[in-house]
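These notes concern the structure reproduced below.
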Amino acid sequence: MRLDEVEQICKDEEIVSKRKTETMQRMYERQKKQNEEFAWSPENVAKIIHLNDKLWALMHEADRIGKSIHDDIQKMIDDGKNYYDKIIQVEVGIFYQSSEWLAAGADWRTLYDSVASLTYANGYDLENVGDMDLSMPTNWKVGVFSRPEFENIYICFLMHWHFNRGLYSLQDAVTMDPGKFHISTTIHNELNF
């Protein structure tokens, strides 16, 4: 590769990085503005609680699926199925996907970056997602959820992840269809020959 080609690649990467930073800033400003203007009506609070309940249930289902897949693969290894010679990880993710909602003006590429996933690596260990121990859960009643409306409500990690750490706004929370969240699994496997 010639030096001018390398320089062009570096320049292109800088442009992409700058555009992503600008988009993230716009999305953050959008989130901040929509959260400041959010109407804390009983109807909106009920929708947020319903979404929280749905995500809490999905977290438990994702946990069950990940452990089951891992156990099934471990059993195949124990039974001599050598094509599963070394498991790298079983990844279980929870994603939101709605073309109708995206058409309402959200920048889907940036919001997609705020998706949470539970990762099982070499067993049941969860990696890179903060406190996700479902046996001793943390109540994530912080940030936008540290309000009297949620005094007796357990706020799950995915609500915190999407609406405090991510770029979704509270307005997004009340317009999202909880049925559009889905669980996806990926098995990463390294074969040794």
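FYI, side chains are in, hydrogens and waters are out, and symmetry mates aren't considered; it's all heavy atoms of this structure. Every value quoted in this text rests on a predicted model; they were computed, and no experiment measured them.
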Under 3.5 Å, sequence neighbours excluded: what are the donor-acceptor pairs made by side chains of residues 42-50?
unit_1, atom_1, unit_2, atom_2, d
Asn44, ND2, Ala39, O, 2.8

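- Nearest heavy-atom pair across Met159 and Ile155 is CB-CG2, 3.8 Å.
- Between His162 and Tyr168, the angle of the ring planes goes over 60°, which puts this pair in the perpendicular group of the 30/60° scheme.
- Annotation: side-chain hydrogen bond (donor to acceptor under 3.5 Å, both in side chains) contacts of Lys141 (sequence neighbours excluded): none.
- Ring pair Trp56/Tyr154: centre-to-centre distance below 6.0 Å.
- With sequence neighbours left out, the salt bridge (Lys or Arg N to Asp or Glu O under 4.0 Å) criterion links Asp78 to no other residue.
- In this structure a side-chain-to-backbone donor-acceptor pair under 3.5 Å is missing from Asp71 to Ser68.
- A search for side-chain hydrogen bond (donor to acceptor under 3.5 Å, both in side chains) contacts involving Glu37 returns Lys33, not counting sequence neighbours.
- Pairing each heavy atom of Ala62 with each of Ile183, the nearest pair is N-CD1, 3.8 Å.
- Pairs engaging residues 155-164 under the salt bridge (Lys or Arg N to Asp or Glu O under 4.0 Å) rule: none recorded [sequence neighbours left out].
- Ion pairing between a basic and an acidic side chain is recognised when a charged N comes within 4.0 Å of a carboxylate O; Lys75 and Asp79 show such pairing.
- Not counting sequence neighbours, Ser146 has no partner by the side chain to side chain contact (heavy atoms under 4.5 Å, CB included) test.
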